[in-house]
Amino acid sequence: DQQVKQNSPSLSVQEGRISILNCDYTNSMFDYFLWYKKYPAEGPTFLISISSIKDKNEDGRFTVFLNKSAKHLSLHIVPSQPGDSAVYFCAASDGRMGNEKLTFGTGTRLTIIP
Amino acid sequence: SAVISQKPSRDICQRGTSLTIQCQVDSQVTMMFWYRQQPGQSLTLIATANQGSEATYESGFVIDKFPISRPNLTFSTLTVSNMSPEDSSIYLCSAETGSTDTQYFGPGTRLTVL
């Protein structure tokens with residue numbers, strides 16, 4: 001049972017345009033969501049997170065939007081840069097009873113076209 | 001955040017042998033975790049490494065196959081025992097500090113079993 005889904009395995013975007021990566025979840029107990037970027041042969045790098053009490057969080061070029069009623073979150077990168085080319089994972093945690101484990105989506109490979 | 005190192009970065013092992021992976025964090029952390037990323041797959045949690053007590057394993061993972069130690073607040077090891085080619089994966093450790101619910105990842109250990 002895939003509780004966190006990224007339905008687009010790949011995405012190509014022109015440099016300078018906006019990249020939008022999507023993520024859906026099924027577990028209504030998830031209350032904290034994160035986005036990670038992963039280059040080949042490296043561990044995931046934390047990008048940005050959002051708590052379920054918010055619907056938007058922004059950090060520089062990265063903005064995460066959360067729609068709890070739709071169980072959907074998205075990551076916006078603007079403007080997109082060649083260095084953004086990587087695999088992006090969304091992840092979610094259920095904070096009940098100290099259960100901090102992360103459930104990851106399957107990833108979206110983002111390619112920025114110069 | 002936390003800076004995490006892993007050793008070895010990669011290894012090629014023979015079927016039936018065991019490999020111990022080390023994870024070192026540059027500061028004391030509350031939680032440490034071990035994940036596996038099989039080829040083309042997402043990250044899957046193996047276990048939570050508990051300081052001073054037995055690790056907490058996720059469904060499908062057992063202590064006899066993946067023994068874990070965590071002798072202090074900055075160090076943990078994962079052993080992959082009696083390896084088979086199906087154990088070929090990237091193994092990642094992560095750590096969560098007490099101040100946030102964000103997990104930071106090490107660079108990973110790429111294991112190939114022949």
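So you know, we letter chains A, B, ... as the sequences are listed, proteins then strands, and number each from 1. As the structure is a computational prediction, the values presented were derived from the model and not from experiment.
- Closest approach of B/Ile90 and A/Lys38 over heavy atoms only: CD1-NZ, 4.4 Å.
- Residue A/Lys5 places its NZ atom among 12 or fewer non-hydrogen atoms of other residues, nucleotides or ligands, all under 6.0 Å distant.
- Side-chain contact, A/Tyr32 with B/Thr102: a donor N or O sits under 3.5 Å from an acceptor N or O.
- Of the two parts of B/Gln6, neither the backbone nor the side chain holds a non-hydrogen atom closer than 4.5 Å to a non-hydrogen atom of chain A.
- Surrounding CZ of A/Arg17 are at most 12 heavy atoms belonging to other residues, nucleotides or ligands under 6.0 Å away.
- Within the 4.5 Å cutoff, the side chain of A/Phe89 has heavy atoms near those of the B/Gln37 side chain.
- Clustering ILVMFWY residues whenever any of their side-chain heavy atoms sit less than 4.5 angstrom apart, transitively, puts A/Leu21 in the very cluster that holds A/Tyr25.
- Of the atoms belonging to A/Leu102, heavy atoms from both backbone and side chain fall under 4.5 Å from chain B.
- Remark: aromatic rings of A/Phe46 and B/Phe105 are distant, center separation not under 6.0 Å.
- Linking ILVMFWY side-chain heavy atoms closer than 4.5 Å, directly or via other members, places B/Tyr91 and B/Ile63 in a single hydrophobic cluster.
- For the residue pair A/Lys101 and B/Leu45, the shortest heavy atom distance occurs at CB-CD2, 3.3 Å.
- When the side chains of ILVMFWY residues are joined at heavy-atom separations under 4.5 Å, either directly or via intervening members, A/Leu11 and A/Tyr88 end up in a single hydrophobic cluster.
- Residues A/Leu75 and A/Tyr36 fall into different hydrophobic clusters, defined by Ile, Leu, Val, Met, Phe, Trp and Tyr side chains chained together at heavy-atom separations under 4.5 Å.
- The main-chain N or O of A/Gly105 is found under 3.5 Å from a side-chain atom of B/Ser42 such that the two form a donor-acceptor pair.
- Side-chain heavy atoms closer than 4.5 Å link hydrophobic residues (I, L, V, M, F, W, Y) into clusters, and following such links, even through other members, never connects B/Val80 to B/Leu92.
- The line from CD of B/Glu96 to OG of A/Ser93 is 7.5 Å long, rounded to the nearest 0.5 Å.
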